[in-house]
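These values consider heavy atoms only, across backbone and side chains, with no hydrogens, waters or symmetry-generated copies. Labels below follow one simple rule: chain letters A, B, ... track the order of the sequence lines, proteins then strands, and each chain is numbered from 1. Note that the structure is a prediction, hence the values are computed from the model and not measured.
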Protein chains: 2
Amino acid sequence: MAKAKRTLKWQRDPEGMRLRILEAAKQEFSAHGLAGARVDRIAAKAGANKRMLYYHVGNKDELYLAVLEGAYDKIRSEERGLDLEHLDPPEAIRRLIEFTWNYFLRNPEFLSLLQTENLARAKHLKRSTKVKSMHSPFVEMIRTVVLRGVDSGDFQVAVDPVQLYISIAGLCFFYLSNSATLSVIFGRDLLAKDAKDERLSHMVGLVLAALTGRSTALFEIAKAPKSRSAVAQTV
Amino acid sequence: MAKAKRTLKWQRDPEGMRLRILEAAKQEFSAHGLAGARVDRIAAKAGANKRMLYYHVGNKDELYLAVLEGAYDKIRSEERGLDLEHLDPPEAIRRLIEFTWNYFLRNPEFLSLLQTENLARAKHLKRSTKVKSMHSPFVEMIRTVVLRGVDSGDFQVAVDPVQLYISIAGLCFFYLSNSATLSVIFGRDLLAKDAKDERLSHMVGLVLAALTGRSTALFEIAKAPKSRSAVAQTV
DNA sequence: ACAGTATTTATCCAACGAGTTAATTTCTCC
DNA sequence: GGAGAAATTAACTCGTTGGATAAATACTGT
């Protein structure tokens with residue numbers, strides 16, 4: 001009864017295991033928050049034993065921080081590929097909005113993780129050294145677009161890039177991360193396809209109209225989604 | 001040693017006790033989330049015994065829902081006092097933004113509670129009957145302002161009031177509820193007095209510029225906060 | 001094939017936390 | 001001044017959970 005096991009039972013793959021653990025942890029933390037997350041569930045989901053988490057990553061807190069850092073790393077790295085430098089400024093802003101919106105849609109766990117971490121007043125993130133460094137290039141990228149827009153006459157004001165980004169992210173984030181409660185209180189399904197399309201138009205219209213000072217951009221958009229009651233569209 | 005106690009030891013005040021419990025629960029839930037909240041801590045904070053919570057309100061979940069409903073009730077009721085009907089449309093919108101911003105600033109627990117509830121995908125809120133009913137008047141209030149603005153020629157587009165409110169709330173909410181992580185990643189203290197003033201200007205400028213299509217409103221604002229680096233202001 | 005190391009499993013446990021039981025104290029009204 | 005109801009307390013139960021221990025199993029180089 002001992003010899004039979006000649007096939008590899010474990011396929012020993014520390015790196016793969018580490019990744020599966022982090023992925024499982026991401027799911028768990030985003031679904032239940034830090035306090036609500038269960039170490040056992042993470043282990044189960046990763047197809048591992050609980051002890052493995054401690055072996056490969058660390059205790060619950062370290063696990064959580066690793067997930068968080070990974071999440072920031074991923075979005076900032078995708079943003080670097082946006083290549084806003086080669087677009088004319090209004091188009092660059094539109095593209096940034098669309099990317100942010102779609103990224104948030106594709107990565108709902110990222111939103112949850114941020115919410116969780118903010119609930120904890122960034123207690124854990126403050127301990128991270130990696131995260132702080134990855135943001136200045138991003139801010140500079142936006143600043144450049146804004147300044148080019150002002151030079152070209154497309155934009156009316158040299159907006160603070162940080163304010164602008166926070167606004168863009170906020171318009172996307174709040175809608176999506178709070179869609180559950182908003183859908184309940186306003187009695188609409190905000191995650192329906194139509195609603196999402198309408199939202200994207202609204203946001204692009206709002207930001208571009210404000211930046212360019214012409215409502216042209218806004219009306220272009222306003223034509224697109226033909227829906228609802230007669231009153232009220234876009235912006 | 002028995003007679004001495006002639007002063008009332010409890011002053012039996014069921015209604016007051018209920019309120020103290022709900023207040024303590026609000027603090028606890030907003031500080032730690034649903035899973036992180038500790039029933040014993042709530043009791044202690046309310047100056048009560050744990051059994052009292054169950055006696056006066058119910059179990060942890062019912063307690064949580066009661067807090068949540070109370071929070072919505074409070075903000076919507078303050079909003080009813082805004083009296084937007086008597087202001088000209090742009091002024092009304094400015095006032096709505098300023099109210100929302102200040103309310104969020106004054107009631108950070110409200111933000112946390114919403115975050116927590118959204119993390120739970122509104123599971124609890126869905127069970128509430130009270131909350132759903134209190135929002136249509138609010139939406140109508142905004143719709144009226146928008147339509148008046150279109151009629152008067154102040155606004156370019158008849159924005160969907162729900163979209164507009166979500167945008168306003170989102171601009172305020174994201175900045176404040178995520179200020180912890182944002183401050184870390186951007187290396188600025190977003191809760192400093194200056195930063196908050198700048199943010200309010202930015203938001204008012206952004207929304208009004210988009211609605212009116214004139215950047216006038218935006219520049220009026222832009223003059224106010226004389227600060228930072230040369231590059232970048234307002235909007 | 002054997003020693004040494006890296007990886008994984010199977011159990012255990014002490015602490016904690018939500019919720020309960022039952023006794024105790026205050027109030028009310030007759 | 002006492003019976004019954006309302007409010008409060010103290011002590012206990014019991015499942016859960018993060019983390020720890022130690023033994024087993026696979027892999028590596030020699």
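- Of the residues in residues 48-56 of chain B, N49(B), R51(B), M52(B), Y55(B), H56(B) come within less than 4.0 Å of DNA chain D through at least one heavy atom, sorted by number.
- Remark: C1' of dA11(D) and CG of D40(B) are 13 Å apart, rounded to the nearest angstrom.
- One atom, NE2 of H32(B), and another, C1' of dG17(C), lie 14 Å apart when rounded to the nearest Å.
- Looking at heavy-atom distances under 4.0 Å, A35(B) makes no contact with the nucleic acid at all.
- Listed here is the closest heavy atom pair of V57(A) and E62(A): O-OE1, 3.7 Å.
- When the P atom of dA6(D) is taken as reference, atom CZ of R18(B) falls 17 Å away, rounded to whole Å.
- Using a distance-only test at 3.5 Å, with no hydrogens or angles considered, no donor-acceptor pair links the side chain of S183(B) to the main chain of A180(B).
- Within the nucleic acid shown, A43(B) has no heavy atom closer than 4.0 Å to any nucleic acid atom.
- Here dA18(C) presents its C1' atom at 12 Å from CZ of F29(B), a figure rounded to the nearest Å.
- Aromatic ring pairs are classed by plane angle as parallel below 30°, tilted from 30° to 60° and perpendicular above 60°; the pair F104(A) and F173(A) is perpendicular.
- With rounding to whole Å, R38(A) atom CZ is found 15 Å from dC16(C) atom P.
- A71(B) and L113(B) get closest at one heavy-atom pair: CB-CD1, 4.0 Å.
- When atom types are taken as modelled, the side chain of N178(B) and the backbone of T181(B) share no donor-acceptor pair closer than 3.5 angstrom.
- Following rounding to the nearest Å, L63(A) (CG) and dT17(D) (P) show an atom-to-atom distance of 16 Å.
- By the ring pair (Phe, Tyr, Trp, His ring centres under 6.0 Å) test, Y165(A) is found to be paired with F138(A), residues two or more places apart in sequence or in another chain being considered.
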